[in-house]
Peer 1: 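I'd like to ask you about the structure that follows.
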Amino acid sequence: MDSKNRIYFFDTTLRDGEQVPGCQLNTVEKIQVAKALESLGVDVIEAGFPISSPGDFNSVIEISKSVTWPVVCALTRAVEKDIDTAAEALRYAKRKRIHTGIGTSDSHIRYKFNSTREEIIERAVRAVKYAKKYVEDVEFYAEDAGRTDNEYLARVVEAVIAAGATVVNIPDTTGYCLPQEYGAKIKYLMENVSNIDKAILSTHCHNDLGMATANTMSGLLNGARQCEVTINGIGERAGNTALEEIAMILKSHHEIALESNINTQRITPLSRMVSSLMNMPVQPNKAIVGKNAFAHSSGIHQDGVLKNVQTYEIIDPHDVGIDDNSIVLTARSGHAAVKYRLECLGVKVEKEKLDRIYADFLALADKKKDVNDDDLLVLAGAERTGNHRIKLDYLQVTTGMGVKPVASLCLDIAGEKFEAAAAGNGPVDAAIKCVKKIINRNMTIKEFTIQNITRGSDDMGKVHMQVEHDSHVYYGFGANTDIITASVEAFIDCINKFVK
Ligand code: KIV
Ligand code: ZN
């Protein structure tokens, strides 16, 4: 398939995607995602930015050991120490790439580097040559290329290719470009860089103006052959280009004749895994992976789809791994059924962890008649909070019309019990006040989202919360059939991140 029409998928969920505040994964979770990305068929996994933290350094090492086929890539600045550290972190990778680069727009050159265009080219060339000492495959990024003047950008690209870059990344770092402008930039480089046949150009588009997918497609249609993407389009601010969107555009539009190695049937399970591990809900109307992406609700559409699905459906839901047989588990389902279903969702668990999830599953199945895939993913994720120092021991709330809501609650803090009672302007307020009485710190709830998972009054509610403490914002998550308990759990999840 390595023809001139082959598009390489470079996944940066674990690097650019993971920069979302509060959505950081631990190394075990990153390995889980990396293995799922390998099964999905991505060509390159950007595993982290090793100089940025010991956690990132370790994750790159462990991901390098865990995957076989994809190239493992590590990010650096155009700084020797960064490149040394990346090379060290990549030492176990079977196929490896160093991704180095520097800002090339006039504002980056002037304000970030207090430098000149010529000096930036020298630094770029030096970094590529230095990385080449360690690895054959070196990708160069021209940060803020979207706002870099094309003529100068062409000089940078030519110089780094001459220095040995195998891939040149043209990021629209601020998500500012219009699709035709971004496409024209790629076309200009294809036509004006004399040694362009020695490397491939990559797209890397941010979604600040909602144009990431359109810009990426425009880049590919004008000659770029690698796209940098994340699962569910996650990433800082408005995120990056969504992998699933580009993969399905290429699959659906045969006339553009661009091919990839993506096994699209793995998209939905991986989307859910990333959403669940990162506690980041996918918006219901999100293309390809949103809960409503294939739900035809209007009468006219339903009628058409029943007569012939092609009337309104451009994608067969099976092609993205939506499973009609998505089984519903009940209190009578055994360990094996729960394990099997988790594996279908891309979550592999050891026996000990499965036993804990199974116990939680039985407790939930007692409260709720059927347990579906989303519930299971929440249970698999919630289990991660088992080693929290502060836990909710019990919570009792009295509320209703015409009565003042009151709560009493007990926290288990490292094995010691602390009780409190409080009244509030609602049951959640009363319960949160109890926690605040026990954990006597300055804490402000900045964001509080309650989301039900599927439907029905017996359903589990998921709560996402942001709490500010000492000028930092901490993210927490809770899930329970009782939304007051879920809210308190989310609040305690936040507190566990700063009370040591
Ligand atoms: O958006 C960007 O410019 C980046 C680079 C570091 C590749 O993420
Ligand atoms: Zn980026």
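As the structure is a prediction and not an experimental result, all values here were calculated from the model. Keep in mind that the numbers below use all heavy atoms, side chains included, and drop hydrogens, waters and symmetry copies. Ligands are counted one by one from 1 in listed order, and the atoms in each one are counted from 1 as well.
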Peer 1: Please name the atom of His204, restricted to N, O or S, that is closest to the Zn ion (ligand 2).
Peer 2: NE2
Peer 1: In a simple table, one pair per line, please give the protein and ligand 1 atom names for every N or O pair closer than 3.5 Å, along with the distance.
Peer 2:
| residue | atom | partner | partner atom | Å |
| --- | --- | --- | --- | --- |
| ligand 1 | 1 (O) | His204 | NE2 | 3.2 |
| ligand 1 | 1 (O) | His206 | NE2 | 3.0 |
| ligand 1 | 3 (O) | Thr173 | OG1 | 2.7 |
| ligand 1 | 8 (O) | Arg15 | NH2 | 3.0 |
| ligand 1 | 8 (O) | Asp16 | OD2 | 3.1 |
| ligand 1 | 8 (O) | His204 | NE2 | 3.1 |

Peer 1: Check the angle between the aromatic planes of Tyr134 and Tyr130 and answer parallel, tilted or perpendicular using the 30° and 60° thresholds.
Peer 2: perpendicular
Peer 1: Among the N, O or S atoms that His206 has, which is closest to the Zn ion (ligand 2)?
Peer 2: NE2
Peer 1: Can we say Asp43 and Arg6 salt-bridge, meaning some charged N sits less than 4.0 Å from an Asp/Glu carboxylate O?
Peer 2: yes
Peer 1: Any salt bridge linking Lys251 with Glu259? Criterion: basic side-chain nitrogen under 4.0 Å from a carboxylate oxygen.
Peer 2: no
Peer 1: Do the rings of His99 and Tyr141 sit parallel, tilted or perpendicular, given the 30° and 60° boundaries?
Peer 2: perpendicular
Peer 1: Would you mind telling me which of Glu46, Glu18, Glu62 makes a salt bridge (Lys or Arg N to Asp or Glu O under 4.0 Å) with Lys30?
Peer 2: Glu18
Peer 1: Distance-only, no hydrogens or angles: does the Asn195 side chain make a donor-acceptor pair with backbone N or O of Ile161 under 3.5 Å?
Peer 2: no
Peer 1: So Arg117 and Asp106, do their side chains get closer than 4.5 Å, heavy atoms only?
Peer 2: yes
Peer 1: Is any N, O or S atom of Asp16 under 2.8 Å away from the Zn ion (ligand 2)?
Peer 2: yes
